[in-house]
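One structure is given below, encoded as structure tokens.
Values below: every heavy atom of this structure, side chains too, minus hydrogens, waters and symmetry copies. Here the structure is a predicted model, which is why all the values come from computation and not from measurement. First listed ligand is number 1; within each ligand, the first listed atom is number 1.
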Amino acid sequence: MIIGLYPGSFDPVTLGHLDIISRSSKIVDRLIVGVLLNSSKTALFSMPERVKMIKELTVSYENVSVRSFDGLTVDYAHECGASVIMRGLRAVTDFEYELQLAQTNKVMAPDIETVFLTTNLKYSYLSSSTVKEIASFGGDVHAFVPALVEERLKEKFASRSAR
Ligand code: ADP
């Protein structure tokens, strides 16, 4: 059985991420979406909020589970028995960083392979940061995230401006 780990910040999850989740779930037997507690990034959504959103959005995928983790991705992959790390590649700009990450991981954990899925062209420009920026100015993000995430973004920025 091949277990895949799809790690990321998912702050918040976008249609681009969900496309990678859906396609990865058809490649591996079990897919774990690993939400990373990244100390170098200040997140808009808390860890429980991020995990809950992805769980709600992937409920129909029987072989997908969502968990949080911190520390090294390869350590977490070993912990959950994953032999494959899934990553999405959007543009050339992603390539250098992703290649460096994959090669470093390969040295640290030779038994784990990184598999890249090229982004769906529809979502190649899409990032969580852009979505947050648009939402922070009250812009319409319905083309970028599912309705549930759009709603949570509205709530988040409404509660922030009420402070
Ligand atoms: P990280 O903080 O690790 O970059 P992200 O949540 O930004 O986490 O992204 C997680 C993974 O999803 C990365 O491999 C990233 O390249 C990929 N990804 C992000 N946005 C998209 C998108 N629009 N289409 C395809 N893959 C994407």
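- Applying the side chain to side chain donor-acceptor pair (under 3.5 Å) test to Arg30 and every residue at least two apart in sequence or in another chain returns nothing.
- In terms of the side chain to side chain donor-acceptor pair (under 3.5 Å) criterion, Asn105 has no residue partners (sequence neighbours excluded).
- Within 4.0 Å of ligand 1, protein heavy atoms belong to Tyr6, Pro7, Gly8, Ser9, Phe10, Gly16, His17, Ile20, Lys41, Arg87, Gly88, Arg90, Asp94, Glu98, Thr119, Tyr123, Leu126, listed by chain and number.
- The pair Arg152-Glu56 meets the salt-bridge criterion, with a side-chain N (NZ, NE, NH1 or NH2) lying under 4.0 Å from an Asp/Glu carboxylate O.
- Of the residues Val13, Val141, Val149, the one that meets the side chain to side chain contact (heavy atoms under 4.5 Å, CB included) test with Val131 is Val141.
- The aromatic rings of Tyr76 and Phe69 lie parallel to each other, their planes meeting at an angle below 30°, with 60° marking the opposite boundary.
- Listed by first and then second residue, the salt bridge (Lys or Arg N to Asp or Glu O under 4.0 Å) pairs that reach into residues 109-133 are Asp11-Lys132, Lys106-Glu113, sequence neighbours excluded.
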